[in-house]
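Sequence lines set the chain letters: A, B, ... in the order given, protein chains first and strands last, and positions in each chain run from 1.
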Amino acid sequence: MTATMQPKSEAAKAPLRGRRTPGAGEKPRPRSTGLQLGHWWWALPGIVLVIAIHYVATGIGGFFAFTNWTGIGSFKVVGWQNFEAIFKDPTKLGALTNTMFLAFGSVLLGNVGGLIIALGLNRMLKTRYILRTLFFMPVVLSPLATAYVWKYIFDFDGPINVFLTSIGAGDLAKPWLADPQWAIWTVLVVLVWGSTGFAMVIFMAGLASVPVEVEEAAAIDGANLWQRFRNVTLPAIRPAIAIATTLGIVQGLRVFDPIMALTNGGPAGATETLATQVYKQAFALGNFGGGAALALVLAAIILFFAVIQQRLTRSNPED
Amino acid sequence: MKSERLDMTQHRSYSALKVGALAVPTIAALVLTGCSAPASGSSPTGGAQEFTLSFATSNTIESPFQVLAEKYMASNPGVKITFNPQPNDSYDQTLRTQLQAGNASDVVVTSPGSGTGRSILPLVQAGFLEPLDAAAKELVPEGSEALFGTDGKVYGQAPEITVVGLVANETSAKAAGISDFPSDFASLEDQCKSLASSGKSFIALAGSAAPNTGLMAMSLAASRVYAEDPKWNEKRAAKETTFAGSDGWKASLEAVSKLNNAGCFQKGAAGAGFDAITKGLASGTSVAGFIPGPSWKQLKTAAADSEFNVRALPAEASSEGFVYASANYAFSINAASKNKDAAKAFLDWAAEPEQTKAFAEIDGALPVTGLDSYDFNGGAYKNVGDLIKNGKYGPLPNSQWPNSAVYDALATGVQGLITGQKTTDQVLQAMDTAWGQ
């Protein structure tokens with residue numbers, strides 16, 4: 001309560017500081033105007049830039065979703081035609097399904113993996129600091145650069161197939177990134193590898209707030225390892241789970257560069273996502289209107305999950 | 001007073017700092033703009049001629065466009081050409097964005113027709129290209145007039161004739177026991193089977209690269225569609241036929257599956273990139289690849305001991321042979337250019353027979369002029385000489401298609417045929433849908 005009241009009282013006092021009230025007992029400081037936080041119009045250049053770069057540019061892009069512009073020359077307004085085309089085209093619907101699969105799949109596996117690693121590296125291990133760095137490394141590295149490394153690993157002549165052949169399982173060797181069944185899973189593996197470290201960091205922050213005394217008390221009461229995790233640790237890190245999952249979904253929905261590097265959306269569209277389709281339609285195929293419409297659909301989906309994220313974090317009683 | 005003076009001094013020095021902080025970048029900006037203006041701008045009234053040239057590059061070998069331009073600078077010391085090479089896979093997008101923004105190079109390399117992002121016709125429609133003079137008009141290959149402009153005007157100057165079919169490593173073919181190159185499609189399938197059993201492949205395919213799978217399908221359509229009906233694209237544009245309703249196109253895509261089933265492609269071809277073609281042909285593990293003819297020269301630099309030739313893909317025994325030979329690139333002048341005179345002077349020079357011959361030699365292509373009297377014997381094009389002399393050739397089909405989505409549907413569809421994700425009918429229907437976009 002104190003924490004919430006304090007800013008209000010500060011805010012209530014703030015305007016009074018600026019007022020010159022004769023006879024108030026305190027002589028106004030000569031440099032008081034210089035110490036003010038400033039006038040609202042000082043922020044005008046920044047506000048104009050933000051509006052122009054973020055909102056006007058996005059608005060114009062949104063307008064093109066209702067046109068047949070090819071990226072050059074003139075265009076006609078075509079209404080909802082581009083949106084109808086999206087929901088009639090099996091490739092775009094496939095891209096929508098793939099986007100959801102990769103977003104939720106990477107969040108599920110990345111968070112479970114991240115939680116297990118965070119629990120493992122929380123207190124006990126001596127090498128936990130080195131291991132934490134190693135597990136966090138994929139988050140820091142360029143997704144595009146690491147995707148090319150993964151592309152080499154999954155290549156037909158790459159280490160996986162060489163290993164399979166060396167152990168006599170050469171029949172299992174396949175072009176992983178060009179296999180209609182396996183390609184999407186290989187992309188998922190790369191995404192999970194990249195997102196686990198991020199989830200781990202969030203969970204480690206959450207685990208740091210779990211009191212050791214409560215865990216010890218539960219242990220003394222006879223709770224086994226699973227019961228302590230289920231009834232003590234998990235409830236304590238619920239806010240961390242909410243943040244990790246929702247941020248992960250938003251991140252997963254807009255995944256682009258690893259897919260372009262790994263499969264370019266192939267084979268035959270098997271790993272296309274909304275983001276790769278936006279790029280291809282707008283820039284490679286000269287269908288700027290269609291690309292802008294797809295981008296709007298993607299933005300709406302991300303917005304939907306961003307709102308959920310807001311709700312979940314707001315419901316946290318500690319806020 | 002002392003403290004006040006100190007304050008004043010501090011204030012003055014603070015103000016001086018502020019002034020200095022503002023003045024340094026301002027003066028720097030003025031100096032930079034002042035210095036750069038005469039260097040970057042052309043001098044239409046002055047003696048020096050400057051212009052910029054954009055072209056696509058896909059390897060480390062010096063582009064023939066750059067070599068030609070350097071030759072021009074060497075013979076014209078007053079001319080300065082600034083090169084703007086762009087990666088081939090993003091060239092179309094960069095070119096369109098720059099033209100739209102008004103900051104494209106003065107001379108840009110385009111493609112005839114309308115099937116790609118760098119194609120002349122949509123760029124002309126958007127008003128981005130400058131009409132060229134009679135010298136460029138004379139270089140337009142016969143029958144390709146409609147691909148170079150509209151209303152009798154020409155907007156691209158062809159620098160060479162590119163043959164597109166198979167580039168074969170004849171040395172590795174002989175080493176693999178292929179004494180005679182397959183004369184028809186059935187014998188090609190047989191050769192594929194025997195090579196596959198020895199761990200090699202007849203064709204090196206970049207199955208994950210859409211340009212390569214698309215080129216293969218178009219090569220298969222050469223003898224199945226365009227040999228019999230060179231005007232097929234015009235009929236499709238007039239809605240007299242469709243891809244899905246064409247027996248020739250159906251047979252072409254079925255031939256993809258036949259090649260796949262006969263083991264013509266290297267192992268893991270579906271996921272391979274262009275490096276698989278370079279590696280396969282240079283090392284001799286594959287015999288041929290669907291790549292533009294001039295690539296023979298680049299492959300020769302990687303495997304100097306091998307002989308590379310350009311060939312037409314063997315046709316069905318009942319079909320006539322046919323090969324694609326056309327101007328696939330063109331010089332165009334940016335309509336917004338401020339150095340049009342300098343650019344036109346370069347194009348006029350490049351149109352001279354001596355330069356067209358030199359350009360073809362640099363790139364390993366056929367010259368855009370004098371093809372009738374060209375001596376095919378002994379060169380890399382000796383096996384397609386008869387087809388070209390007998391008129392059994394035409395432009396690449398996709399240059400006449402209305403947009404790049406049709407070719408994308410074909411290329412992606414062929415990937416699907418190889419992996420078993422799609423049927424020929426599905427691919428052809430997708431091409432028809434893309435045509436109407």
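With a 4.5 Å cut-off on non-hydrogen atoms, A/L177 does not touch chain B at all. Neither the backbone nor the side chain of B/Q125 comes within contact range of chain A; no heavy atom of the residue lies under 4.5 Å from a heavy atom of that chain. Of the two parts of B/Y407, neither the backbone nor the side chain holds a non-hydrogen atom closer than 4.5 Å to a non-hydrogen atom of chain A. At a 4.5 Å heavy-atom cutoff, the contact between A/Y279 and chain B is made by side-chain atoms alone. Neither the backbone nor the side chain of A/A183 comes within contact range of chain B; no heavy atoms are under 4.5 Å apart.
When the shell of 6.0 Å around CH2 of A/W193 is examined, it contains more than 12 heavy atoms from other residues, nucleotides or ligands. Around CD of A/Q81, the count of heavy atoms belonging to other residues, nucleotides or ligands within 6.0 Å does not exceed 12.
Of the listed residues B/Q100, B/K422, B/Q421, the one with more heavy-atom pairs under 4.5 angstrom with chain A than any other is B/Q421. Chain A forms the most heavy-atom pairs under 4.5 Å with one residue out of B/L99, B/T97, B/T412, and that residue is B/T412. In terms of non-hydrogen atom pairs under 4.5 Å with chain A, the most contact-rich of B/D92, B/D408, B/V414, B/T213 is B/D408. Interface summary for chain B: among A/G286, A/A178, A/P180, A/G71, the most heavy-atom pairs under 4.5 angstrom belong to A/P180.
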Can B/F202 and B/F265 be said to form a ring-ring contact (aromatic ring centres under 6.0 Å, His included), step by step? CA-CA 7 Å; B/F202 197 96; B/F265 310 134; over 10 Å; no
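The pair A/D179-A/K174 fails the salt-bridge criterion, with no side-chain N (NZ, NE, NH1 or NH2) lying under 4.0 Å from an Asp/Glu carboxylate O. Checked for salt-bridge contact, A/K280 and A/E272 meet the test: a charged N lies under 4.0 Å from a carboxylate O.
For A/F87 and A/W80, the distance between ring centers is not under 6.0 angstrom.
A/W41 contributes no side-chain N or O that, together with a main-chain N or O of A/P45, makes up a donor-acceptor pair within less than 3.5 Å.
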